[in-house]
Protein chains: 2
Amino acid sequence: MARRPQTIPRSAADRAAAEPVARTGNPVDLSPLPDRVGYVLRRAQLAVFKDFNRTCAEYDIRPAQYSVLTVIENNPGLKQIEISTALGIKRTNLVALLDLLEQRGLARREPVPSDRRSYALFLTSKGKAFMDRVHSSVARHEDNVNGALGDKGREQLLHLLNRILDKIGPAPGEDEV
Amino acid sequence: MARRPQTIPRSAADRAAAEPVARTGNPVDLSPLPDRVGYVLRRAQLAVFKDFNRTCAEYDIRPAQYSVLTVIENNPGLKQIEISTALGIKRTNLVALLDLLEQRGLARREPVPSDRRSYALFLTSKGKAFMDRVHSSVARHEDNVNGALGDKGREQLLHLLNRILDKIGPAPGEDEV
DNA sequence: TTATTTTGTTATGATATATAACATTTCGGG
DNA sequence: CCCGAAATGTTATATATCATAACAAAATAA
């Protein structure tokens, strides 16, 4: 793994071996990647998340955390399994996420008398106030994205992405959790 | 962190406290997430990558690895910094990626006589053969995606995603690496 | 009752992304 | 030419996601 150890002076013979190729600028041929949906999708998603993080930096909240808080906000009393299913997060990965939100005092787990295995999730009053403030930052973020797309483009994009979600589901047989 | 310790039987009083709310199925209200570009983009990207991994399972290759191999294939002799810039990967993160590809015997670093700091990157013959085989699997994956979108939809999608990439770049002032 | 399933949890691993710091080398200005 | 600045690859490290296996407790089905 130590490919470049402390000091290994390369020989003059080495230096004379291969020709320079001299790739100066960056006219790198990315083909066929820019025509691959997956590649462009990934880069666009990263750009959008980066804008989200930038716009909401003052609140130190990640997109995944925001989505969880939003679902709790609109569906108070949900169980963890319901949130994880709805958001496509494995229930095993939701645990740490909720731990964090609970530690920050934004959400709380509450025992469910009717099912002592599960917890009902709620925003704390602090969490509600927090979301009230975050929503406006997220709106600004959305404006950035919509500004790039236009209303029509945004609708088209959502429609196309939903087609992907509908048709590129889990493998035939390999279902869910 | 041990929220559910060994044995803490909840009292009958607890059991009588709050009402059930009885959220049975999963009519979870996700709004406004399904209208947020970032959210839908993320879910679609995950679905597409999952299909990539499924379709290319026999080759045990990740999208990022495939993109690096593709760039090397089409631009033999590139330096690491050029690849990382072209693909938007931090040069610091490309190291382990290339270590892996080298360990698998698919790519190799070659000293550049004209610049002893950098390495020129090439596919090995094994790497070339590997890519020849992988390309057909990736083509099948692309067919899956295109089947969901249609040719027209695919073009529209790429166009819209590129609009995002063009306009939602790095923050004004915060530039690159 | 007993066997199975569900729910939340822990532990763990793989992948991606990010920053800071470093050695070596290259390059530009004096 | 020398010297400081920049470039290149590297290590170390932290965080965020996503994934699987295994478990305890509770609910459910048989």
Side-chain angles (χ1 to χ4, degrees), chain A residues 1-10 15 23-24 42-43 45-47 49-50 52-54 60-68 78-85 87-100 102 109 111-121 174 176-177, chain B residues 1-10 15 23 42-43 45-47 49-50 52-54 60-68 78-85 87-100 102 109 111-121 170 174 176-177:
Chain A
M1 198 72 85
R3 198 169 317 98
R4 181 188 271 169
Q6 298 303 34
T7 292
I8 294 191
R10 289 162 197 163
R15 221 160 301 140
R23 298 200 165 274
T24 53
R42 173 61 168 162
R43 301 219 44 173
Q45 183 260 305
L46 282 184
F49 270 30
K50 198 170 285 190
F52 180 100
N53 288 326
R54 194 188 309 140
D60 188 34
I61 185 148
R62 247 44 63 198
Q65 298 169 3
Y66 172 75
S67 70
V68 169
L78 274 193
K79 299 189 298 179
Q80 294 180 203
I81 188 70
E82 292 170 314
I83 291 189
S84 64
T85 300
L87 288 177
I89 301 173
K90 291 232 170 354
R91 73 187 193 285
T92 186
N93 290 326
L94 184 62
V95 176
L97 239 169
L98 283 175
D99 286 346
L100 189 70
E102 234 181 359
R109 292 165 161 108
V112 175
S114 60
D115 185 344
R116 298 191 309 171
R117 292 171 303 179
S118 54
Y119 295 98
L121 299 168
E174 165 212 328
E176 303 291 320
V177 186
Chain B
M1 199 70 85
R3 200 168 318 98
R4 181 187 272 170
Q6 298 303 34
T7 291
I8 295 190
R10 289 163 199 161
R15 221 160 303 141
R23 296 198 166 277
R42 173 60 168 165
R43 302 223 37 178
Q45 183 261 305
L46 282 184
F49 270 30
K50 197 169 285 190
F52 180 101
N53 288 326
R54 194 188 310 141
D60 189 32
I61 186 152
R62 244 47 60 199
Q65 298 170 1
Y66 172 76
S67 70
V68 169
L78 274 193
K79 299 188 299 180
Q80 293 180 203
I81 188 70
E82 292 170 314
I83 290 190
S84 64
T85 299
L87 288 177
I89 300 174
K90 293 238 168 349
R91 73 187 192 286
T92 187
N93 289 327
L94 184 62
V95 176
L97 238 169
L98 283 175
D99 286 346
L100 189 71
E102 236 181 358
R109 290 164 162 110
V112 175
S114 60
D115 185 345
R116 297 190 308 172
R117 291 170 303 180
S118 55
Y119 295 97
L121 299 169
E174 163 212 332
E176 304 292 318
V177 188

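Convention: sequence-line order gives letters A, B, ...; per-chain numbering from 1.
- Spacing between atom OH of A:Y119 and atom P of C:dT6 amounts to 20 Å, rounded to whole angstrom units.
- Comparing D:dA26, C:dT10, D:dT20 by their nearest atom to the side chain of A:R116 picks out D:dA26.
- Note on A:L46: only backbone sugar-phosphate atoms sit closer than 4.0 angstrom, heavy atoms only; bases stay farther off.
- Along DNA chain C, the nucleotide nearest A:A120 and the nucleotide nearest B:I89 are compared for position; the residue whose nucleotide lies closer to the 5' end is A:A120.
- Note: CD (B:Q80) to P (D:dT11) measures 10 Å, nearest angstrom.
- To the nearest angstrom, P of D:dT15 lies 15 Å from CG of A:L97.
- A donor-acceptor contact shorter than 3.5 Å is absent between the side chain of A:T85 and the backbone of A:E82.
- Between B:I89 and B:V68 there is a side-chain heavy-atom pair separated by less than 4.5 Å.
- A donor-acceptor contact under 3.5 Å is formed by the side chain of B:R117 with the base of D:dA7.
- The CD-P distance, from B:Q45 to D:dT17, rounds to 12 Å in whole Å.
- Within the model, atoms CG of B:N53 and CG of B:D60 stand 9.0 Å from one another, a figure rounded to the nearest 0.5 Å.
- Listed nucleotides: C:dA16, C:dT17, C:dT7. Nearest to the side chain of A:I81: C:dT7.
- For B:K90, the side-chain atoms get nearest to C:dA18 when compared with the rest of D:dG9, C:dT17, C:dA18.
- Atom P of nucleotide C:dT19 and atom NZ of A:K50 are separated by 8 Å, given to the nearest angstrom.
- A donor-acceptor contact under 3.5 angstrom links the side-chain atoms of B:T92 to the base of C:dT19.
- Following rounding to the nearest Å, A:I61 (CD1) and D:dA16 (C1') show an atom-to-atom distance of 14 Å.
- Regarding contacts with the backbone of C:dT7, every side-chain N or O of A:R109 stays at 4.0 angstrom or more from both OP1 and OP2.
- In this entry the distance linking NZ of A:K79 with C1' of D:dA27 reads 10 Å, nearest Å.
- When each of D:dT17, D:dG9, C:dT17 is scored by its nearest atom to the side-chain atoms of A:R42, the top-ranked nucleotide is C:dT17.
- Taking CG of B:L97 as the start and CD of B:Q80 as the end, the distance is 10.5 Å to the nearest 0.5 Å.
- Going from atom CZ of A:R109 over to atom CG of A:L121 covers 7.0 Å, rounded to the nearest 0.5 Å.
- In this structure, A:Q65 and A:G88 both approach DNA chain D, and ranking their closest nucleotides by distance from the 5' end singles out A:Q65.
- Of the candidates D:dT8, D:dA16, C:dT17, the closest approach to any side-chain atom of B:N93 belongs to C:dT17.
- Spacing between atom CZ of B:R91 and atom P of C:dT17 amounts to 16 Å, rounded to whole angstrom units.
- Residue-to-nucleotide contacts include no donor-acceptor pair under 3.5 Å from the side chain of B:D115 to the base of D:dA7.
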